[in-house]
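Remarks on the structure that follows.
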There are 2 protein chains.
Amino acid sequence: MPDEKARAAVRAQLTDYLQSRQMRKTPERFALLDRIFHLPDLFSSTDLHQAMEQDGYRVSLASVYNSLKLFVEAGLLEQRLFQGHPTRFTLSRRSAVGPLRHQMVCTVCGKIREFTDPEIDQQLLRRSYGSFTPTDPQVTVYGLCRSCKKKNRKSAPRTPRRP
Amino acid sequence: MPDEKARAAVRAQLTDYLQSRQMRKTPERFALLDRIFHLPDLFSSTDLHQAMEQDGYRVSLASVYNSLKLFVEAGLLEQRLFQGHPTRFTLSRRSAVGPLRHQMVCTVCGKIREFTDPEIDQQLLRRSYGSFTPTDPQVTVYGLCRSCKKKNRKSAPRTPRRP
DNA sequence: TTTACTGCAAATATTTTGCAATATC
DNA sequence: GATATTGCAAAATATTTGCAGTAAA
(Lines give C-alpha, C1' and ligand atoms only; values in the text may rest on other atoms or scores of the structure.)
Protein backbone atom coordinates (compact mmCIF):
# COMPACT_ATOMS: atom_id res chain seq x y z
CA MET A 1 0.00 0.00 0.00
CA PRO A 2 1.72 3.19 -1.16
CA ASP A 3 -0.61 5.29 1.01
CA GLU A 4 0.82 3.66 4.07
CA LYS A 5 4.31 4.73 3.16
CA ALA A 6 3.26 8.33 2.59
CA ARG A 7 1.39 8.37 5.87
CA ALA A 8 4.39 7.10 7.78
CA ALA A 9 6.55 9.75 6.16
CA VAL A 10 4.17 12.54 7.08
CA ARG A 11 3.85 11.20 10.63
CA ALA A 12 7.63 11.28 10.89
CA GLN A 13 7.64 14.84 9.58
CA LEU A 14 5.24 15.84 12.30
CA THR A 15 7.26 14.08 14.97
CA ASP A 16 10.39 15.90 13.86
CA TYR A 17 8.63 19.22 13.74
CA LEU A 18 7.24 18.82 17.24
CA GLN A 19 10.46 17.54 18.71
CA SER A 20 12.54 20.35 17.25
CA ARG A 21 10.28 22.93 18.91
CA GLN A 22 9.68 21.15 22.19
CA MET A 23 6.03 20.80 21.39
CA ARG A 24 4.07 17.79 22.57
CA LYS A 25 3.27 14.64 20.67
CA THR A 26 -0.33 14.40 21.82
CA PRO A 27 -2.52 11.51 20.72
CA GLU A 28 -5.03 13.98 19.29
CA ARG A 29 -2.52 15.39 16.82
CA PHE A 30 -1.57 12.01 15.45
CA ALA A 31 -5.12 10.72 15.40
CA LEU A 32 -6.18 13.77 13.40
CA LEU A 33 -3.28 13.45 11.02
CA ASP A 34 -4.05 9.78 10.44
CA ARG A 35 -7.70 10.49 9.81
CA ILE A 36 -6.84 13.05 7.14
CA PHE A 37 -5.49 10.28 4.94
CA HIS A 38 -8.97 8.81 4.73
CA LEU A 39 -10.70 12.04 3.85
CA PRO A 40 -11.33 13.49 0.39
CA ASP A 41 -8.51 15.48 -1.13
CA LEU A 42 -9.95 18.83 -0.08
CA PHE A 43 -11.58 18.73 3.32
CA SER A 44 -12.86 21.33 5.74
CA SER A 45 -12.32 21.65 9.49
CA THR A 46 -15.81 20.32 10.13
CA ASP A 47 -15.29 17.43 7.71
CA LEU A 48 -12.39 16.36 9.87
CA HIS A 49 -14.20 16.98 13.12
CA GLN A 50 -17.24 15.01 12.05
CA ALA A 51 -15.11 12.19 10.74
CA MET A 52 -13.46 11.89 14.15
CA GLU A 53 -16.81 11.88 15.90
CA GLN A 54 -18.11 9.19 13.62
CA ASP A 55 -15.06 7.12 14.44
CA GLY A 56 -15.97 7.55 18.09
CA TYR A 57 -12.86 9.63 18.76
CA ARG A 58 -13.80 12.76 20.68
CA VAL A 59 -11.75 15.86 19.89
CA SER A 60 -12.89 19.41 20.43
CA LEU A 61 -13.40 21.59 17.41
CA ALA A 62 -10.88 24.01 18.94
CA SER A 63 -8.25 21.29 18.88
CA VAL A 64 -9.11 20.49 15.31
CA TYR A 65 -8.47 24.12 14.43
CA ASN A 66 -5.29 24.20 16.48
CA SER A 67 -3.97 21.08 14.84
CA LEU A 68 -4.86 22.16 11.34
CA LYS A 69 -3.00 25.40 11.87
CA LEU A 70 -0.05 23.47 13.22
CA PHE A 71 -0.04 21.07 10.28
CA VAL A 72 -0.03 23.98 7.88
CA GLU A 73 2.85 25.65 9.72
CA ALA A 74 4.72 22.38 9.66
CA GLY A 75 4.21 22.16 5.91
CA LEU A 76 2.11 18.99 6.08
CA LEU A 77 -1.05 20.66 4.83
CA GLU A 78 -1.91 23.50 2.55
CA GLN A 79 -4.95 25.73 2.72
CA ARG A 80 -7.21 26.67 -0.16
CA LEU A 81 -10.05 29.17 -0.33
CA PHE A 82 -12.97 28.85 -2.70
CA GLN A 83 -15.82 31.24 -3.15
CA GLY A 84 -18.84 30.04 -1.17
CA HIS A 85 -16.96 27.28 0.66
CA PRO A 86 -15.39 27.07 4.08
CA THR A 87 -11.60 26.90 4.10
CA ARG A 88 -10.32 23.67 2.65
CA PHE A 89 -7.17 21.80 3.54
CA THR A 90 -5.18 19.36 1.49
CA LEU A 91 -2.12 17.24 2.07
CA SER A 92 0.88 19.21 1.01
CA ARG A 93 2.20 18.58 -2.45
CA ARG A 94 5.59 19.89 -1.50
CA SER A 95 6.89 16.38 -0.94
CA ALA A 96 5.10 15.02 -3.96
CA VAL A 97 6.97 14.66 -7.22
CA GLY A 98 4.12 15.28 -9.64
CA PRO A 99 2.66 18.47 -11.02
CA LEU A 100 0.86 21.00 -8.86
CA ARG A 101 -2.80 20.38 -8.20
CA HIS A 102 -5.11 23.14 -9.33
CA GLN A 103 -8.87 23.42 -8.97
CA MET A 104 -11.92 24.31 -10.99
CA VAL A 105 -15.04 25.38 -9.18
CA CYS A 106 -18.59 25.49 -10.51
CA THR A 107 -20.05 28.83 -9.51
CA VAL A 108 -23.58 27.39 -9.48
CA CYS A 109 -23.41 24.07 -7.63
CA GLY A 110 -20.05 24.61 -5.96
CA LYS A 111 -18.56 21.39 -7.21
CA ILE A 112 -14.77 21.37 -7.08
CA ARG A 113 -12.60 19.28 -9.37
CA GLU A 114 -8.86 19.16 -9.50
CA PHE A 115 -6.70 19.30 -12.57
CA THR A 116 -3.03 19.44 -13.32
CA ASP A 117 -1.18 21.37 -15.96
CA PRO A 118 2.59 21.00 -16.10
CA GLU A 119 2.84 23.71 -18.73
CA ILE A 120 1.18 26.29 -16.51
CA ASP A 121 3.31 25.12 -13.61
CA GLN A 122 6.38 25.77 -15.70
CA GLN A 123 5.16 29.26 -16.50
CA LEU A 124 4.37 29.90 -12.85
CA LEU A 125 7.68 28.63 -11.57
CA ARG A 126 9.87 30.01 -14.31
CA ARG A 127 8.78 33.60 -14.19
CA SER A 128 10.23 36.18 -11.86
CA TYR A 129 8.15 37.97 -9.26
CA GLY A 130 10.58 40.79 -8.66
CA SER A 131 11.60 41.03 -5.04
CA PHE A 132 8.82 38.65 -4.07
CA THR A 133 9.68 35.03 -3.30
CA PRO A 134 6.90 32.64 -4.31
CA THR A 135 6.26 29.58 -2.17
CA ASP A 136 2.81 28.46 -3.16
CA PRO A 137 1.32 29.34 -6.54
CA GLN A 138 -2.37 28.53 -6.87
CA VAL A 139 -4.63 28.43 -9.87
CA THR A 140 -8.39 28.42 -9.41
CA VAL A 141 -10.68 28.40 -12.40
CA TYR A 142 -14.27 29.39 -11.72
CA GLY A 143 -16.87 28.44 -14.28
CA LEU A 144 -19.77 26.11 -14.97
CA CYS A 145 -19.85 22.35 -14.80
CA ARG A 146 -21.68 20.53 -17.54
CA SER A 147 -24.90 19.85 -15.68
CA CYS A 148 -25.23 23.42 -14.40
CA LYS A 149 -24.57 24.73 -17.86
CA LYS A 150 -27.44 22.62 -19.19
CA LYS A 151 -29.82 23.71 -16.46
CA ASN A 152 -28.87 27.31 -17.08
CA ARG A 153 -29.83 27.02 -20.73
CA LYS A 154 -33.29 25.77 -19.87
CA SER A 155 -34.00 28.42 -17.28
CA ALA A 156 -32.76 31.35 -19.39
CA PRO A 157 -34.88 31.38 -22.54
CA ARG A 158 -34.08 33.73 -25.36
CA THR A 159 -37.38 35.62 -25.16
CA PRO A 160 -37.85 37.41 -21.86
CA ARG A 161 -41.19 36.51 -20.29
CA ARG A 162 -43.59 39.39 -20.01
CA PRO A 163 -45.29 40.42 -16.73
CA MET B 1 -9.73 61.72 -17.95
CA PRO B 2 -9.93 58.12 -19.13
CA ASP B 3 -11.32 57.03 -15.73
CA GLU B 4 -14.38 59.13 -16.35
CA LYS B 5 -15.12 57.28 -19.53
CA ALA B 6 -14.78 53.90 -17.88
CA ARG B 7 -17.02 54.99 -15.04
CA ALA B 8 -19.70 56.18 -17.39
CA ALA B 9 -19.54 52.88 -19.26
CA VAL B 10 -19.91 50.86 -16.08
CA ARG B 11 -22.76 53.06 -14.90
CA ALA B 12 -24.49 52.42 -18.19
CA GLN B 13 -23.90 48.71 -17.79
CA LEU B 14 -25.59 48.83 -14.40
CA THR B 15 -28.51 50.84 -15.74
CA ASP B 16 -29.05 48.30 -18.51
CA TYR B 17 -28.79 45.40 -16.13
CA LEU B 18 -31.34 46.89 -13.75
CA GLN B 19 -33.71 47.94 -16.48
CA SER B 20 -33.67 44.55 -18.16
CA ARG B 21 -34.73 42.87 -14.90
CA GLN B 22 -37.13 45.52 -13.69
CA MET B 23 -34.93 46.25 -10.72
CA ARG B 24 -34.72 49.73 -9.29
CA LYS B 25 -32.18 52.41 -10.01
CA THR B 26 -31.76 53.52 -6.42
CA PRO B 27 -29.39 56.35 -5.54
CA GLU B 28 -27.53 54.04 -3.15
CA ARG B 29 -26.55 51.69 -5.93
CA PHE B 30 -25.10 54.40 -8.11
CA ALA B 31 -23.43 56.19 -5.23
CA LEU B 32 -21.72 52.97 -4.21
CA LEU B 33 -20.66 52.19 -7.74
CA ASP B 34 -19.23 55.68 -8.18
CA ARG B 35 -17.33 55.44 -4.92
CA ILE B 36 -15.69 52.21 -5.99
CA PHE B 37 -13.79 54.08 -8.68
CA HIS B 38 -11.97 56.02 -5.97
CA LEU B 39 -11.02 53.00 -3.90
CA PRO B 40 -7.89 50.88 -4.20
CA ASP B 41 -7.97 48.12 -6.79
CA LEU B 42 -8.90 45.43 -4.29
CA PHE B 43 -11.30 46.63 -1.64
CA SER B 44 -13.44 44.96 1.01
CA SER B 45 -17.07 45.48 1.93
CA THR B 46 -16.04 47.51 4.98
CA ASP B 47 -13.59 49.58 2.93
CA LEU B 48 -16.52 50.65 0.80
CA HIS B 49 -18.85 51.15 3.73
CA GLN B 50 -16.35 53.28 5.62
CA ALA B 51 -15.53 55.29 2.52
CA MET B 52 -19.20 56.14 2.16
CA GLU B 53 -19.46 57.16 5.80
CA GLN B 54 -16.43 59.38 5.49
CA ASP B 55 -18.04 61.05 2.52
CA GLY B 56 -21.05 61.69 4.71
CA TYR B 57 -23.23 59.36 2.66
CA ARG B 58 -25.14 57.00 4.97
CA VAL B 59 -25.74 53.53 3.59
CA SER B 60 -26.38 50.47 5.70
CA LEU B 61 -23.82 47.71 5.65
CA ALA B 62 -26.59 45.36 4.50
CA SER B 63 -27.13 47.51 1.44
CA VAL B 64 -23.41 47.52 0.77
CA TYR B 65 -23.50 43.73 0.79
CA ASN B 66 -26.63 43.64 -1.36
CA SER B 67 -25.12 46.00 -3.90
CA LEU B 68 -21.79 44.23 -4.04
CA LYS B 69 -23.56 40.95 -4.73
CA LEU B 70 -25.62 42.65 -7.40
CA PHE B 71 -22.56 44.20 -9.03
CA VAL B 72 -20.88 40.81 -9.16
CA GLU B 73 -23.96 39.21 -10.69
CA ALA B 74 -24.11 42.00 -13.23
CA GLY B 75 -20.48 41.36 -14.13
CA LEU B 76 -19.26 44.78 -12.97
CA LEU B 77 -17.16 43.42 -10.13
CA GLU B 78 -15.22 40.28 -9.43
CA GLN B 79 -14.56 38.71 -6.08
CA ARG B 80 -11.22 37.47 -4.83
CA LEU B 81 -10.33 35.52 -1.70
CA PHE B 82 -6.96 35.72 0.01
CA GLN B 83 -5.81 33.80 3.01
CA GLY B 84 -6.17 35.96 6.12
CA HIS B 85 -8.10 38.73 4.37
CA PRO B 86 -11.78 39.54 4.13
CA THR B 87 -13.33 39.05 0.70
CA ARG B 88 -12.03 41.57 -1.79
CA PHE B 89 -13.77 43.04 -4.79
CA THR B 90 -12.29 44.52 -7.90
CA LEU B 91 -13.68 46.17 -10.99
CA SER B 92 -14.23 43.53 -13.58
CA ARG B 93 -11.57 43.07 -16.17
CA ARG B 94 -14.04 41.45 -18.51
CA SER B 95 -14.56 44.69 -20.35
CA ALA B 96 -10.89 45.59 -20.20
CA VAL B 97 -8.67 44.78 -23.13
CA GLY B 98 -5.46 44.07 -21.28
CA PRO B 99 -4.12 40.92 -19.67
CA LEU B 100 -5.77 39.35 -16.63
CA ARG B 101 -4.76 40.72 -13.26
CA HIS B 102 -3.26 38.18 -10.90
CA GLN B 103 -2.08 38.62 -7.31
CA MET B 104 0.82 37.76 -5.07
CA VAL B 105 0.26 37.72 -1.35
CA CYS B 106 2.88 37.88 1.40
CA THR B 107 2.03 35.17 3.91
CA VAL B 108 3.67 37.15 6.72
CA CYS B 109 2.51 40.75 6.39
CA GLY B 110 -0.47 40.09 4.11
CA LYS B 111 0.60 42.62 1.51
CA ILE B 112 -1.05 42.03 -1.86
CA ARG B 113 0.48 43.08 -5.15
CA GLU B 114 -0.90 42.55 -8.59
CA PHE B 115 0.94 41.27 -11.59
CA THR B 116 0.10 40.36 -15.14
CA ASP B 117 1.39 37.52 -17.26
CA PRO B 118 0.00 37.21 -20.77
CA GLU B 119 1.82 33.93 -21.28
CA ILE B 120 0.08 32.31 -18.34
CA ASP B 121 -3.21 33.81 -19.48
CA GLN B 122 -2.70 32.15 -22.84
CA GLN B 123 -2.06 28.82 -21.18
CA LEU B 124 -5.11 29.26 -18.98
CA LEU B 125 -7.41 30.26 -21.78
CA ARG B 126 -6.09 27.89 -24.41
CA ARG B 127 -6.31 24.65 -22.48
CA SER B 128 -9.42 22.54 -22.28
CA TYR B 129 -11.18 21.82 -19.01
CA GLY B 130 -13.18 18.87 -20.27
CA SER B 131 -16.88 19.38 -19.82
CA PHE B 132 -16.22 22.37 -17.58
CA THR B 133 -16.65 25.87 -19.01
CA PRO B 134 -14.23 28.37 -17.49
CA THR B 135 -15.38 31.93 -16.91
CA ASP B 136 -12.90 33.33 -14.44
CA PRO B 137 -9.40 31.90 -14.10
CA GLN B 138 -7.48 33.19 -11.11
CA VAL B 139 -3.85 32.91 -10.19
CA THR B 140 -2.73 33.66 -6.65
CA VAL B 141 0.89 33.31 -5.67
CA TYR B 142 1.57 33.14 -1.95
CA GLY B 143 5.09 33.82 -0.78
CA LEU B 144 7.28 36.35 0.99
CA CYS B 145 7.79 39.99 0.19
CA ARG B 146 11.30 41.32 0.38
CA SER B 147 11.06 42.97 3.78
CA CYS B 148 9.44 39.95 5.42
CA LYS B 149 12.05 37.70 3.92
CA LYS B 150 14.78 39.84 5.48
CA LYS B 151 13.12 39.87 8.88
CA ASN B 152 12.64 36.13 8.68
CA ARG B 153 16.36 35.61 8.18
CA LYS B 154 17.18 37.54 11.33
CA SER B 155 14.67 35.72 13.53
CA ALA B 156 15.52 32.22 12.31
CA PRO B 157 19.21 31.67 13.04
CA ARG B 158 20.98 28.60 11.78
CA THR B 159 21.82 27.34 15.27
CA PRO B 160 18.78 26.50 17.33
CA ARG B 161 18.89 28.18 20.74
CA ARG B 162 19.13 25.84 23.66
CA PRO B 163 16.77 25.98 26.64
C1' DT C 1 7.04 18.89 38.53
C1' DT C 2 6.65 21.96 34.80
C1' DT C 3 4.07 23.86 31.31
C1' DA C 4 2.10 22.73 26.65
C1' DC C 5 -2.22 21.29 25.26
C1' DT C 6 -7.11 20.14 25.51
C1' DG C 7 -11.97 21.22 25.97
C1' DC C 8 -15.32 24.37 26.82
C1' DA C 9 -17.63 28.58 26.50
C1' DA C 10 -17.55 33.12 25.22
C1' DA C 11 -15.87 36.41 21.88
C1' DT C 12 -14.90 37.97 17.26
C1' DA C 13 -15.44 38.63 12.38
C1' DT C 14 -17.97 38.37 8.33
C1' DT C 15 -22.05 37.80 5.89
C1' DT C 16 -27.04 36.68 5.61
C1' DT C 17 -31.86 37.09 6.77
C1' DG C 18 -36.51 38.74 8.38
C1' DC C 19 -39.26 42.48 8.51
C1' DA C 20 -41.23 47.14 8.86
C1' DA C 21 -40.64 51.55 6.65
C1' DT C 22 -39.57 53.85 2.43
C1' DA C 23 -39.13 55.21 -2.23
C1' DT C 24 -38.93 53.75 -7.23
C1' DC C 25 -41.63 52.90 -11.00
C1' DG D 1 -50.55 52.12 -5.70
C1' DA D 2 -47.68 48.03 -6.08
C1' DT D 3 -43.59 46.18 -4.68
C1' DA D 4 -38.44 46.31 -4.84
C1' DT D 5 -35.18 48.02 -1.76
C1' DT D 6 -33.47 50.09 2.31
C1' DG D 7 -32.02 50.02 7.25
C1' DC D 8 -31.95 47.76 11.38
C1' DA D 9 -31.50 44.04 14.40
C1' DA D 10 -31.09 39.34 14.99
C1' DA D 11 -29.26 35.09 13.14
C1' DA D 12 -26.02 32.25 10.90
C1' DT D 13 -21.34 30.80 9.86
C1' DA D 14 -16.51 30.26 10.61
C1' DT D 15 -12.82 30.85 13.46
C1' DT D 16 -10.25 32.59 17.57
C1' DT D 17 -9.40 33.32 22.39
C1' DG D 18 -9.24 32.97 27.56
C1' DC D 19 -8.89 29.98 31.01
C1' DA D 20 -9.18 26.00 34.15
C1' DG D 21 -8.10 21.29 34.14
C1' DT D 22 -5.21 17.53 32.11
C1' DA D 23 -1.36 15.13 30.64
C1' DA D 24 3.26 14.91 28.06
C1' DA D 25 8.00 15.42 29.09
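Being a predicted model, the structure only gives us computed values, none of them experimental. The sequence lines fix the lettering, A, B, ..., with proteins before strands; numbering per chain opens at 1.
- Between the side chains of B/Thr107 and B/Tyr142, no donor-acceptor pair is found at a separation under 3.5 Å.
- Atom CD of A/Gln22 is separated from atom C1' of C/dC5 by 15 Å (rounded to the nearest Å).
- Put simply, CZ on B/Arg113 and SG on B/Cys106 are 10.5 Å apart, with the number rounded to the nearest 0.5 Å.
- B/Gln79 CD: more than 12 foreign heavy atoms inside a 6.0 Å radius.
- A donor-acceptor contact closer than 3.5 angstrom links the side chains of B/Ser92 and B/Glu78.
- Neither OP1 nor OP2 of D/dA23 sits under 4.0 Å from any side-chain N or O of A/Arg29.
- Toward the 5′ end of DNA chain C lies the nearest nucleotide of B/Pro86, the other residue of the pair B/Pro86 and B/Lys25 mapping further downstream.
- Relative to the six-membered ring of A/Tyr129, A/Arg127 meets both conditions, a distance below 6.0 Å and an angle of at most 45° to the axis.
- Here the side chain of A/Arg24 is nearest to one of D/dA25, D/dC8, C/dT16, namely D/dA25.
- Using a 4.0 Å cut-off on heavy atoms, none of the residues of residues 35-55 of chain A approach DNA chain C.
- Considering only the side chain of B/Ala62, D/dC8 comes nearest among D/dT15, C/dA23, D/dC8.
- For A/Thr87 and D/dT15, the shortest distance from a side-chain N or O to OP1 or OP2 is below 4.0 Å.
- When all heavy atoms are compared, the tightest approach of A/Val59 to A/His49 is O-NE2, 2.8 Å.
- Among D/dT15, C/dT16, C/dT24, the nucleotide with an atom closest to any side-chain atom of A/Leu61 is D/dT15.
- If you take CD of B/Glu28 and P of C/dA21, they are 18 Å apart, rounded to a whole angstrom.
- For the pair B/Gln83 CD and C/dT14 P, the computed distance is 13 Å after rounding to whole Å.
- To the nearest angstrom, P of D/dA9 lies 16 Å from CG of B/Asn66.
- Using a 4.0 Å cut-off, no side-chain N or O of B/Thr26 falls inside it from OP1 or OP2 of D/dA4.
- Going from atom NZ of A/Lys69 over to atom P of D/dT15 covers 11 Å, rounded to whole Å.
- For A/Arg58, the side-chain atoms get nearest to C/dG7 when compared with the rest of D/dA24, D/dA4, C/dG7.
- In this structure, A/Leu68 atom CG and D/dA14 atom P are separated by 14 Å, rounded to whole Å.
- Scanning all heavy atoms of the two residues, the minimum distance from A/Pro137 to A/Leu125 falls at CG-CD2, 4.1 Å.
- Distance, B/Phe82 CZ to C/dT14 C1': 17 Å, rounded to whole Å.
- Using a cutoff of 4.0 Å between basic side-chain nitrogens and carboxylate oxygens, A/Asp41 and A/Arg88 are not scored as salt-bridged.
- The phosphate of D/dT16 has neither OP1 nor OP2 within less than 4.0 Å of any side-chain N or O from A/Tyr65.
- In this structure, B/Phe71 atom CZ and D/dT5 atom P are separated by 12 Å, rounded to whole Å.
- OP1 or OP2 of D/dG7 has at least one side-chain nitrogen or oxygen of B/Ser63 nearer than 4.0 Å.
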